[in-house]
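The structure presented is a predicted model; accordingly, all values stated were derived computationally and were not measured.
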Amino acid sequence: MEHKFCVVTLFCLLFLSPLVSCQLDYRFYDATCPNLTRIVQSGVWSAIANDSRIAASLLRLHFHDCFVNGCDASLLLDDTGSLVGEKNAPGNKNSVRGFEVIDKIKSTVEEACPSTVSCTDIVTLVSRAAVYFSGGPYWPVPLGRRDSTTASENAVKEQLPSPFEPLENITAKFTAKGLDIKDLVVLSGAHTIGFAQCFTFKTRLFNFRESGKPDPTLDASLLQNLQSLCPNQADSDTQLAPLDPVTSTKFDNIYFKNLVNNSGLLLSDQVLMGNNRTASMVFGYSKFPFLFYRDFGASMVNMANIGVLTGSNGEIRKNCRAVNKKTTA
């Protein structure tokens with residue numbers, strides 16, 4: 001047991017962000033909730049069977065939670081009379097989805113292991129299962145995170161990267177979380193699955209940088225298809241377009257091939273080709289999918305360790321949408 005502790009400690013020192021508490025453990029729930037992984041995977045499998053888009057949504061939910069004051073399930077909290085949560089903040093409202101899937105899995109976990117597994121760890125495991133069941137990699141996940149007792153709408157506005165921001169701004173937001181430019185490129189590859197609303201890229205189609213013309217770097221055939229899908233009128237703003245039109249529900253490296261071919265949907269994706277360092281990584285991942293899979297798992301672990309609560313910090317919520325009620329003696 002002592003040898004195992006030394007190995008885990010060495011792993012923490014060598015590989016994890018300095019912001020990470022090394023109270024996370026790959027076998028954290030082995031004794032207290034041995035069927036946790038099976039329950040999570042069953043829930044995610046059923047959700048994907050009912051809605052092929054949900055895999056990308058669950059992965060995105062994890063990202064949106066971790067980038068705002070750390071991975072603490074604050075995104076899951078509903079608004080109350082005393083709490084303005086994160087769900088209705090710009091970037092999340094009418095955009096982030098999958099909360100019902102988390103609720104259902106949490107309910108099953110509570111039946112099997114009451115007051116044991118945090119919502120944060122469930123979201124972390126759900127994102128891995130969503131990637132795996134979409135054809136992507138599977139990676140080991142250290143567990144033991146706890147849930148926040150608060151949320152912040154303002155923090156969403158300040159900390160969450162936006163598809164409208166330049167690469168420098170997005171890079172700065174990743175750096176602030178202890179992530180680097182490689183993590184940025186790799187995690188952008190999550191856009192190999194899922195959809196985006198037209199308003200997130202429509203200026204590229206009709207009025208790029210106030211020019212009155214389309215983005216000249218956008219592939220002509222893709223431009224034509226997108227202009228048809230997202231006409232230049234307000235009622236098309238919420239129409240959906242696949243982030244990767246080639247294999248929109250399969251987790252693969254086609255996203256990077258699309259960028260090489262000037263077919264990235266979001267400007268925040270395509271700008272990765274305008275920087276020598278990021279473009280070099282894009283080329284590499286476009287040619288070698290196994291490298292992308294390997295690095296994606298590592299970057300997901302890095303992201304899942306942002307600002308985690310462990311030990312006696314935070315709580316284990318019984319209902320992911322609400323802070324536990326205080327008990328009186």
Side-chain angles (χ1 to χ4, degrees), residues 16-21 24 56-80 82-99 102 118-124 126-127 145-191 194 196-197 199-200 243 266-269 271-272 275 278 296 299-310 313-314 317 320-321 323:
L16 297 185
S17 151
L19 301 175
V20 174
S21 164
L24 299 183
S57 298
L58 294 170
L59 176 55
R60 184 164 175 257
L61 191 154
H62 183 38
F63 178 91
H64 279 233
D65 179 50
C66 288
F67 259 77
V68 180
N69 293 336
C71 307
D72 59 3
S74 57
L75 175 57
L76 306 184
L77 290 171
D78 286 339
D79 289 357
T80 67
S82 58
L83 172 73
V84 178
E86 299 169 14
K87 287 181 178 177
N88 292 312
N92 288 337
K93 187 176 182 179
N94 300 322
S95 178
V96 175
R97 58 195 289 268
F99 299 109
I102 303 299
S118 68
C119 299
T120 311
D121 275 342
I122 288 173
V123 170
T124 305
V126 161
S127 66
R145 298 164 190 79
R146 290 167 66 86
D147 301 322
S148 71
T149 56
T150 188
S152 173
E153 183 182 38
N154 285 333
V156 178
K157 300 172 186 176
E158 295 166 1
Q159 300 173 27
L160 190 66
S162 161
F164 305 109
E165 291 184 288
L167 181 59
E168 294 78 13
N169 290 25
I170 296 173
T171 302
K173 289 184 175 180
F174 270 71
T175 302
K177 300 300 178 183
L179 303 180
D180 61 21
I181 198 161
K182 181 178 179 181
D183 293 314
L184 190 162
V185 175
V186 173
L187 293 174
S188 294
H191 287 167
Q197 297 183 60
F199 80 89
T200 60
L243 288 158
L266 302 178
L267 184 60
S268 55
D269 287 331
V271 292
L272 295 177
N275 173 285
T278 55
F296 188 81
S299 287
M300 284 293 287
V301 170
N302 291 342
M303 185 183 77
N305 289 331
I306 296 172
V308 296
L309 302 170
T310 59
N313 295 319
R317 283 185 221 143
C320 291
R321 293 175 179 263
V323 173

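Remark: V271 engages L167, L267 in a side-chain contact (heavy atoms from CB on, under 4.5 Å) (not counting sequence neighbours). Applying the side-chain contact (heavy atoms from CB on, under 4.5 Å) rule to A56 yields the partners I193; only residues at least two apart in sequence or on another chain are considered. Partners of K182 according to the salt bridge (Lys or Arg N to Asp or Glu O under 4.0 Å) rule, which considers only residues two or more places apart in sequence or in another chain, are D295. Looking at residues two or more places apart in sequence or on another chain, you find no side-chain hydrogen bond (donor to acceptor under 3.5 Å, both in side chains) involving T200. With sequence neighbours excluded, the residues satisfying side-chain contact (heavy atoms from CB on, under 4.5 Å) with N88 are D79, K93. Residues forming a salt bridge (Lys or Arg N to Asp or Glu O under 4.0 Å) with D78 (at least two apart in sequence, or on another chain): K87, R321. F174 is linked by a ring pair (Phe, Tyr, Trp, His ring centres under 6.0 Å) to F67, counting only residues two or more places apart in sequence or in another chain. Scored by the side-chain hydrogen bond (donor to acceptor under 3.5 Å, both in side chains) test, S152 finds no partners at all (sequence neighbours excluded). Partners of D269 under the side-chain hydrogen bond (donor to acceptor under 3.5 Å, both in side chains) rule, at least two apart in sequence or in another chain, are H191, Y255. Residues forming a side-chain contact (heavy atoms from CB on, under 4.5 Å) with T149 (at least two apart in sequence, or on another chain): E315, V323.
The heavy-atom pair separating F99 from L76 by the smallest distance is CD2-CD2, 3.7 Å. Contact between C71 and T120 at its shortest, heavy atoms only, is O-CG2, 3.2 Å. Among all heavy-atom pairs drawn from S74 and A151, the shortest one is O-CB, 3.7 Å. Annotation for R60 and S95: closest pair NH2-OG, 2.6 Å, computed over non-hydrogen atoms. The nearest pair of heavy atoms linking K157 to P90 is CE-CD, 3.9 Å. Pairing each heavy atom of G98 with each of L61, the nearest pair is C-CD1, 4.1 Å.
Under the salt bridge (charged side-chain N to carboxylate O under 4.0 Å, His left out) criterion, no residue pair touches residues 63-77, with sequence neighbours excluded. Within the structure, side-chain hydrogen bond (donor to acceptor under 3.5 Å, both in side chains) pairs that include any residue of residues 162-171 comprise E165-K173 (at least two apart or interchain).
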Legend entry - Chi angles and distances behind the side-chain contact (heavy atoms from CB on, under 4.5 Å) call for L272, L184: CA-CA 10 Å; L272 295 177; L184 190 162; 3.7 Å; yes
Legend entry - Verdict with supporting geometry, V126 and H62, side-chain contact (heavy atoms from CB on, under 4.5 Å): CA-CA 8 Å; V126 161; H62 183 38; over 6 Å; no
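Of the possible donor and acceptor atoms, one in the side chain of N92 sits under 3.5 Å from a partner among the backbone N and O of E86. Side chain of R317 to main chain of L77: no donor-acceptor pair is present (N/O by atom type, distance under 3.5 Å, no hydrogens or angles). Judged by distance alone, the side chain of R145 and the main-chain N or O of D121 form no donor-acceptor pair under 3.5 Å.
Residue M303 holds its CE atom at 8.5 Å from CG of L179, rounded to the nearest 0.5 Å. To the nearest 0.5 Å, atom CG of residue D147 and atom SG of residue C119 are 4.5 Å apart. Expressed to the nearest 0.5 Å, how far OG of S188 lies from CG of L243 amounts to 11.0 Å. For the atom pair CG (N69) and CG (L160), the distance works out to 11.5 Å, reported to the nearest 0.5 Å. In this structure, NE2 in H64 is found 8.5 Å from CG in L75, a value given to the nearest 0.5 Å.
S127 has its side chain out of reach of L58: every pair of non-hydrogen atoms, C-beta onward, lies at least 4.5 Å apart.
The closest side-chain donor-acceptor pair between S57 and R97 falls under 3.5 angstrom.
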